[in-house]
Novice: 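Here's a structure for you.
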Protein chains: 2
Amino acid sequence: MKTELKAEPLYLKIKNHILGRIDSGEWMTTMRVPSENQLVKEFSVSRMTTNRALRELTDEGYLVRVAGVGTFVAELKAQSNPLEIHNIADEIRSRHHVYSAEVLKCEAIKVNDKIAAYMNIDTDVTLVHSLIIHKEQGIPIQLEDRLVNEDVVSGYGDQDFTKKTPYEYLIKQAPLQKVEHVVKAIMPTGSTKSLLDMSDQEACLLIERRTWTKGRVASTAKLYHPGSRYELSGLFKPE
Amino acid sequence: MKTELKAEPLYLKIKNHILGRIDSGEWMTTMRVPSENQLVKEFSVSRMTTNRALRELTDEGYLVRVAGVGTFVAELKAQSNPLEIHNIADEIRSRHHVYSAEVLKCEAIKVNDKIAAYMNIDTDVTLVHSLIIHKEQGIPIQLEDRLVNEDVVSGYGDQDFTKKTPYEYLIKQAPLQKVEHVVKAIMPTGSTKSLLDMSDQEACLLIERRTWTKGRVASTAKLYHPGSRYELSGLFKPE
DNA sequence: TAGATATAGTTGTATATACAACTTAACATT
DNA sequence: AATGTTAAGTTGTATATACAACTATATCTA
């Protein structure tokens with residue numbers, strides 16, 4: 001067994017030195033921090049090394065730099081709190097509940113101008129339209145209304161989505177580059193309401209998801225959830 | 001009038017060149033990207049410049065580097081697509097819109113058993129209850145119903161929340177340890193509906209937020225948004 | 001006094017060089 | 001066949017140097 005002691009890089013030493021002063025409150029917000037040349041003398045390093053330390057701390061939001069003036073401790077920003085959106089089947093299974101799906105529709109369609117613009121395709125491209133109800137313990141929990149560009153994701157229309165969710169097929173078939181989510185609260189239409197077995201005066205949580213592969217929109221989906229039976233939750237711990 | 005054409009730094013040229021290839025799909029996930037020395041030849045720059053470009057893209061999550069092997073396009077993690085929830089005032093200001101707030105209530109209250117359990121405190125602890133309407137361009141966009149434990153966050157009840165949002169005061173006063181979010185779609189109560197100036201048959205997007213400081217629940221908040229005027233959105237690129 | 005100019009200090013970028021640490025593949029030895 | 005060695009290529013860090021761009025201050029000039 002060998003216990004190696006890995007030396008900390010110099011630029012990291014300097015970064016941690018500065019972070020320590022900020023964390024301890026010794027260097028308060030808007031206060032000036034030593035210039036690159038001052039740090040060069042203090043730590044006996046080259047200016048490129050102090051430059052890297054200060055530049056990275058600036059990129060990370062701890063410092064603010066003004067050319068010709070100096071470097072200052074940044075003001076605290078409200079951190080952003082991520083909320084994760086999972087694949088519905090995984091989510092249900094993680095609760096040790098029974099997942100099932102009902103495929104209402106899976107067919108080729110022609111697109112209108114609005115959809116073509118949203119998916120960044122020509123109007124002559126044919127898409128596959130799938131409509132699926134996802135159930136937890138037999139109770140509807142998500143209505144998935146999806147459009148897929150088979151030029152990007154081939155073979156989509158031939159899948160059995162009672163075995164594997166569209167999302168699972170998509171990520172397996174073509175690795176995702178980018179995912180956009182929009183979460184809304186809406187009142188459901190009559191058909192959505194009945195398909196999800198929702199009561200009157202029940203709101204609907206809608207997630208609109210758009211996924212990119214190879215620089216193109218592979219798929220768009222509207223995921224409707226009954227407000228009384230579904231919620232998004234996330235726990236965020238910094239560091 | 002002088003129209004200066006600011007030259008793009010070389011390291012940025014290289015970064016954008018690589019980002020373009022990734023975005024277009026030309027360079028797929030896990031695919032190898034040119035080495036630093038190859039980029040040196042291609043762009044006629046020094047290795048330090050290509051190193052900076054690749055290093056920054058790695059810090060930003062677009063690339064993965066392995067010493068002795070090479071640099072590769074990063075993979076997207078399929079199962080966790082974070083959605084960020086921001087401070088409402090920052091969000092409105094980032095749209096270059098006018099933010100304003102109306103404080104309806106800010107007073108000490110006694111808690112019942114349910115709240116005591118939710119905030120993990122004794123029933124004899126007094127909390128401050130604040131009720132604030134946040135407006136974008138004068139139009140209500142969030143009703144914030146908040147309870148704050150002043151044992152954890154002192155001086156909360158004495159703030160002027162038309163100047164600074166409760167959230168901003170909280171994070172400044174006591175650094176957050178943990179934040180929990182739950183997003184729901186509900187039908188608003190009569191008072192919520194009228195305070196947010198919502199129409200009939202309009203759903204409400206509710207975010208329940210609980211924040212911890214020093215191991216204790218510092219504050220809980222219910223953030224009500226009119227469904228027609230507010231949505232959560234997130235764009236997820238490789239981390 | 002008002003405006004122009006020089007100057008010193010700061011950050012921002014870029015180069016050429018060097019060596020260390022690591023990985024893979026080819027080769028040599030046992 | 002298994003093991004050790006070498007070599008080439010890669011990333012990671014660090015230095016010394018250079019110049020450009022910017023800012024604030026002091027100084028000079030009309």
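Only this structure's heavy atoms are used, side chains among them; waters, hydrogens and symmetry mates stay out. In the text below, chain A, chain B and the rest are named by the order of the sequence lines, each starting its count at 1.
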Novice: Given side-chain contact (heavy atoms from CB on, under 4.5 Å), test A/L57 with A/V33 step by step and report yes or no.
Specialist: CA-CA 12 Å; A/L57 286 174; A/V33 311; over 6 Å; no
Novice: To the nearest Å, how far apart are A/F43 CZ and D/dT15 P?
Specialist: 12 Å
Novice: Write out a two-atom table: protein N or O, nucleotide N or O from nucleotides 8-12 of chain D, distance below 3.5 Å.
Specialist:
| unit_1 | atom_1 | unit_2 | atom_2 | d |
| --- | --- | --- | --- | --- |
| D/dG9 | N2 | B/G68 | O | 3.1 |
| D/dT10 | O2 | B/G68 | N | 3.2 |
| D/dT11 | OP1 | B/R65 | NH2 | 3.4 |
| D/dT11 | OP1 | B/T71 | OG1 | 2.7 |
| D/dT11 | OP2 | B/E36 | N | 3.1 |
| D/dT11 | O5' | B/R65 | NH2 | 3.4 |
| D/dG12 | OP2 | B/R65 | NH1 | 2.8 |
| D/dG12 | N7 | B/R47 | NH2 | 2.7 |
| D/dG12 | O6 | B/R47 | NH1 | 2.9 |

Novice: Expressed as a whole number of angstroms, how long is the span from A/M48:CE to D/dA14:P?
Specialist: 12 Å
Novice: Let's go through B/L205 and A/K184 carefully: what are the C-alpha distance in whole Å and the side-chain angles of both, what is the deciding distance for side-chain contact (heavy atoms from CB on, under 4.5 Å) to 0.1 Å, and is it a yes or a no?
Specialist: CA-CA 7 Å; B/L205 190 67; A/K184 302 176 180 179; over 6 Å; no
Novice: Measure the distance from CD1 on A/I14 to C1' on D/dT13 and round it to the nearest whole Å.
Specialist: 12 Å
Novice: The test is ring pair (Phe, Tyr, Trp, His ring centres under 6.0 Å); show your working for A/F161 and A/Y156 and say whether it passes.
Specialist: CA-CA 10 Å; A/F161 293 124; A/Y156 177 82; 4.8 Å; yes
Novice: Can you check whether B/R47's main-chain N or O pairs, donor with acceptor, with B/N51's side chain at less than 3.5 Å?
Specialist: no
Novice: Kindly say whether B/V98 contributes a backbone atom to a donor-acceptor pair with the side chain of B/Q137 at under 3.5 angstrom?
Specialist: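 Side chain of B/Q137 to backbone of B/V98, a donor-acceptor pair under 3.5 Å: yes, one is there.
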